[in-house]
Amino acid sequence: MKHLLSINDLDLTGATTILDDAEEFSEVQQRDIKKLPTLRGRTVVNLFFEDSTRTRSSFEIAGKWLSADVINMSAKGSSTSKGESLRDTAMTVAAMGVDALVIRHSASGAPSQVAGWVDCGVVNAGDGMHEHPTQALLDAFTLRRHLRRVHGPDASFAGCRVAIIGDLTHSRVVRSNVLLLNLLGAEVTLVAPRTLMPSGVDAWPVTIADDVDDVLPEMDAVMLLRVQRERMSGGFFPTPREYTIGYGMTRDRLQMLRPEAAIMHPGPMNRGLEISSDAADGAASRILEQVAAGVAVRMSVLYQVLGGNQEGER
Ligand code: CP
């Protein structure tokens, strides 16, 4: 795999291989063997034009635990702030002998554009409202582990019901998750105020619902997505209070979930808006497991993109 720009770059075998390899990397970490020689001699540049806590740091840890050299660059502090274009920035960095660029950008499609300009591998770390493929992969990794804990080691995604609730219009996470969960065989229900539903959603392979309270009792997992107020130039309708009453994972709504249902959120969370602290920190929450999975899954993605060790050693 030269690039990971979209979940559409993966077929079922490719996605499953990333999840299975991530399990192996995770098991190695649990044995306290943090560092593997797999990508020794390779250089990864994290090129982040938007802020990030989880994605940037987990890509950095993932690269370092595979013994790659990892360099972090952000728009602030680079010549982007002097007006250098994305093309010139990407080509300049790639010309230094970099093996992979991990790119986050506010413009949908930016990583795909960069992949056409440079010879090295490109990984999409979130582009505008388009996709966040490694987030979907770590979500699937977390959910698969959860299903195996609940239903046994042979549990699959077939028949698994996942509700995705939140600001779906502005979410790149929902787009990647719908593609991946569908590929893996899960059934996805989307719930949001009509003002926060993406255009064209009627053509997506999902069920669309209006009433959270009807949906929750049926679900194996509920994924809450952040209300992205910074992307709402025309104000926020409904109001935050109306949103929480209509769609928030409140303490009362926790009681509607099946006992074994998982609560997920990609972060960062708006506590008290789309998710209560009772839900975020309670027994059903898999949120910190998602964060931990980010390292193993990104190790797996870097391993795929960079082709492993020159000597073929894992
Ligand atoms: N989930 C996610 O992408 O978080 P960050 O913005 O902190 O990377």
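One-based numbering, in listed order, for ligands and for the atoms of each. Values below: every heavy atom of this structure, side chains too, minus hydrogens, waters and symmetry copies.
- The aromatic rings of His105 and Phe49 sit tilted relative to each other, their planes meeting at an angle between 30° and 60°.
- Summarising the geometry, atom OG belonging to Ser176 is positioned 7.5 Å from atom NE2 belonging to His130; distances are rounded to the nearest 0.5 Å.
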Could you pull out every donor-acceptor pair under 3.5 Å between side chains of residues 147-158 and any protein atom, sequence neighbours left out?
unit_1, atom_1, unit_2, atom_2, d
Arg149, NH2, Glu289, OE1, 3.0
Arg149, NH2, Glu289, OE2, 3.4
Ser156, OG, Ala158, N, 3.1

Subject >> Stepwise salt bridge (charged side-chain N to carboxylate O under 4.0 Å, His left out) test for Arg226 and Asp167 >> reply: CA-CA 6 Å; Arg226 185 169 68 89; Asp167 172 3; over 6 Å; no
Just list the N/O pairs, ligand 1 to protein, that are under 3.5 Å apart, with the distance for each.
unit_1, atom_1, unit_2, atom_2, d
ligand 1, 1 (N), Gln135, OE1, 3.0
ligand 1, 1 (N), Pro266, O, 2.9
ligand 1, 1 (N), Gly267, O, 3.1
ligand 1, 3 (O), Thr55, OG1, 3.0
ligand 1, 3 (O), Arg104, NH2, 2.9
ligand 1, 3 (O), His132, NE2, 2.9
ligand 1, 4 (O), Arg54, NE, 3.1
ligand 1, 6 (O), Arg104, NH1, 2.9
ligand 1, 7 (O), Thr53, N, 2.8
ligand 1, 7 (O), Arg54, N, 2.9
ligand 1, 7 (O), Arg54, NE, 3.1
ligand 1, 7 (O), Arg54, NH2, 3.2
ligand 1, 8 (O), Ser52, OG, 2.6
ligand 1, 8 (O), Thr55, N, 2.9
ligand 1, 8 (O), Thr55, OG1, 2.6
ligand 1, 8 (O), Arg104, NH1, 3.4
ligand 1, 8 (O), Arg104, NH2, 3.4

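- Applying the salt bridge (charged side-chain N to carboxylate O under 4.0 Å, His left out) definition to pairs two or more places apart or across chains, those involving residues 56-84 are Glu60-Lys64.
- Every residue was checked against the salt bridge (Lys or Arg N to Asp or Glu O under 4.0 Å) condition with Asp139, not counting sequence neighbours, and none meets it.
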